Amino acid sequence: MATAGVLTAAALAGCAGKNQVPSIGYGVDAVVASYNGGSTLGANSGAAAVFARVLPGFFYTGPDGQPVADTDTGTAKEVPGEAQTIQYRLNPDGVYSDGSPTSCDDLVLAWAARSGRFTKPAPGGPAPQFDAASTAGYSDIERVDCQPGSKDATVVFRPGRHYTAWKTLFNATELMPAHVIANAVKVPTVVTPLQSGDAGVVDRIADFWNNGWKLVPGKLDLTALPAAGPYRIESFDDKDGLVLVKNEKWWGNPAKTPRIVVWGKNSDLKSKVSSKAIGVLDVGAGSLGEVSLDGFSSANLPGRGVEQLVLNTGGVFASVEARRAFALCVPRQSLFDKLGHPGFTQKSGLGSGPLNSRTLQQDSLYYPAVTGAADKYKGGDASAVQAAAGSGLQNQTVRIGYVKPDERRAQTVTMIADACKASGITVVDAGTPDFVPTQLGEGKVDAVLGGSAAFPGPSGSLTATDAIAALRTGQGLNFNRFGNGRYDAISDQLAAEDNSTTVLNLLTEQENLLWSEMPSIPLFAGPRTIAFGDGMENGIPSPTKAGAGWNMDRWVLTR
């Protein structure tokens with residue numbers, strides 16, 4: 001992966017009397033829980049911010065949020081034809097850290113897991129066998145042509161479907177080692193059973209894909225975790241963090257720093273900063289409260305993630321009237337003024353005011369024209385009182401969950417509680433250190449406070465695929481089980497539409513629909529604090545789901 005401004009060894013030696021630090025601590029407010037970035041758990045637990053240089057793909061999320069080609073993994077190109085067809089060619093030198101070659105089997109596995117076509121009987125009708133974060137794009141693929149073990153794959157989309165964001169497919173942290181599953185379920189290759197639909201074997205493959213890559217500190221099976229990038233996992237425990245070390249089998253430019261130690265949200269980042277255990281910090285701005293960043297060059301900047309409340313569609317919020325009433329009392333403008341732009345003021349674009357869309361970013365050309373429906377929901381006004389009374393939300397309790405500790409989110413809940421009190425709504429802080437957004441569907445909380453798709457840490461991208469999936473019927477990231485057929489149809493059409501007038505009309509209809517149905521309440525572009533220790537080379541902020549770690553293999557810290 002080429003990065004501008006890479007220092008040569010000669011230039012490093014020239015830093016008077018300074019030595020390169022062999023290990024860099026990376027503090028990020030993700031809750032590391034799975035190696036598999038394509039699963040609901042992996043996507044929501046920050047796999048993209050932690051494992052992008054451990055499990056690369058054909059593209060990675062660049063610092064501006066756009067997909068960038070990663071030619072070390074291989075090449076992907078669209079080829080002419082009646083059906084949309086992409087030709088993928090893996091690097092002939094590509095090999096996992098356990099010695100197994102990368103192959104098109106990995107693409108077949110990623111597609112099968114995320115296509116939505118494999119289902120099992122469930123009480124409410126067929127349920128997906130694979131717990132995929134999202135099927136966006138993958139569900140439009142008709143087939144993946146692959147000879148098991150080959151470096152070539154041809155991906156053919158369904159007739160009449162054209163997926164414009166195809167560069168978001170088979171991305172970093174989504175291409176998992178298919179040979180690991182083949183060994184675990186005792187088949188020569190996953191390709192044959194997935195292509196033929198062998199139900200018994202597919203069931204075992206899905207079970208491993210869902211559960212076999214969970215990461216529990218102190219309980220790692222490293223044989224299941226081979227890497228195909230410049231770093232591999234060495235160990236993971238509460239005391240020493242998640243340790244990534246240089247992958248000796250990597251065929252590209254070797255990682256510049258031999259060891260990166262990842263400290264997640266649950267590892268007392270505040271004390272890690274003060275004890276100088278961290279050389280790179282990437283957290284929600286204000287989330288650590290008062291913390292001294294002396295010895296760092298740091299900046300607060302608006303992120304591509306949507307700081308938002310995801311509302312349950314059952315319990316106190318079963319009726320749309322109750323969701324609208326709550327949105328009227330949430331003080332969106334005041335929240336932005338106090339918490340939404342810490343240390344920066346943007347005149348226009350990202351971070352310039354309360355965010356009035358769940359899927360569209362403020363620097364989009366369409367944004368000003370399509371978000372008018374948000375105007376009545378600035379929050380905290382007298383109409384909220386009447387709305388609460390009319391909706392049955394008065395005298396009710398709303399429990400807001402999020403991952404603690406997080407001082408900014410705790411303040412957010414307090415401000416919402418103060419503003420909604422006048423409407424007779426009691427708001428309770430239900431944040432806990434082990435909070436997971438699935439508690440929403442289980443009825444343990446009434447709202448989740450988090451980033452795009454309820455992510456606790458880095459979130460968002462220019463293509464907004466996670467944000468769109470989080471509102472689609474039946475998607476893994478749709479934690480509140482919102483379902484609207486018209487929304488699904490609009491997002492399908494937008495995925496293949498390039499006529500600007502049609503896009504404008506569809507986006508306007510989509511925004512009006514979402515402000516009417518109120519599955520979530522967008523607050524502001526999630527502000528990030530990104531800090532690099534003094535003496536750091538090639539630290540480039542990325543206020544996206546890929547986080548500051550998007551190019552960690554280029555980091556060099558001299559002291």
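None of the values given here were measured: they were computed from a predicted structure.
If you check the side chains of Q394 and S423, you find no donor sitting under 3.5 Å from an acceptor. Residues N356 and R332 bring a donor and an acceptor atom of their side chains to less than 3.5 Å of each other. Counted by atom type alone, D488 and T473 present one or more donor-acceptor pairs between their side chains at under 3.5 Å. If you check the side chains of T189 and D105, you find a donor sitting under 3.5 Å from an acceptor. E78 and T85 share no side-chain donor-acceptor pair at under 3.5 Å. Using modelled atom types and a 3.5 Å distance limit, the side chains of T432 and D434 yield a donor-acceptor pair.
Using a 30° and 60° split on the angle between ring planes, F157 and Y163 fall in the parallel class, below 30°.
Cation-pi geometry between R324 and W515 is not met: the NZ or CZ atom fails to fall both under 6.0 Å from the ring centre and inside 45° of the normal.
In this structure, the side chain of Y35 does not engage the main chain of A47 through any donor-acceptor pair within 3.5 Å. Remark: the backbone N or O of S452 is paired with a side-chain donor or acceptor of S459 at under 3.5 angstrom.
For A228, the side chain to side chain contact (heavy atoms under 4.5 Å, CB included) criterion is met by P56, Y96, T102, W251, not counting sequence neighbours.
Put simply, the side chain of V398 does not reach to within 4.5 Å of the side chain of Q396, judged on heavy atoms.
Aromatic pair F482/F317: ring centres not closer than 6.0 Å. In this structure, F170 has its ring center at least 6.0 angstrom away from the ring center of W111. Note: F130 and W209 meet the aromatic proximity criterion, with ring centroids under 6.0 Å apart.
No more than 12 heavy atoms of other residues, nucleotides or ligands lie within 6.0 Å of CD in Q147, so this atom counts as exposed by the packing criterion.
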Please evaluate residues D131 and S39 with respect to the criterion side-chain hydrogen bond (donor to acceptor under 3.5 Å, both in side chains), reporting the C-alpha separation (whole Å), side-chain torsions for both, the decisive distance (0.1 Å), and the verdict. CA-CA 6 Å; D131 183 18; S39 69; over 6 Å; no
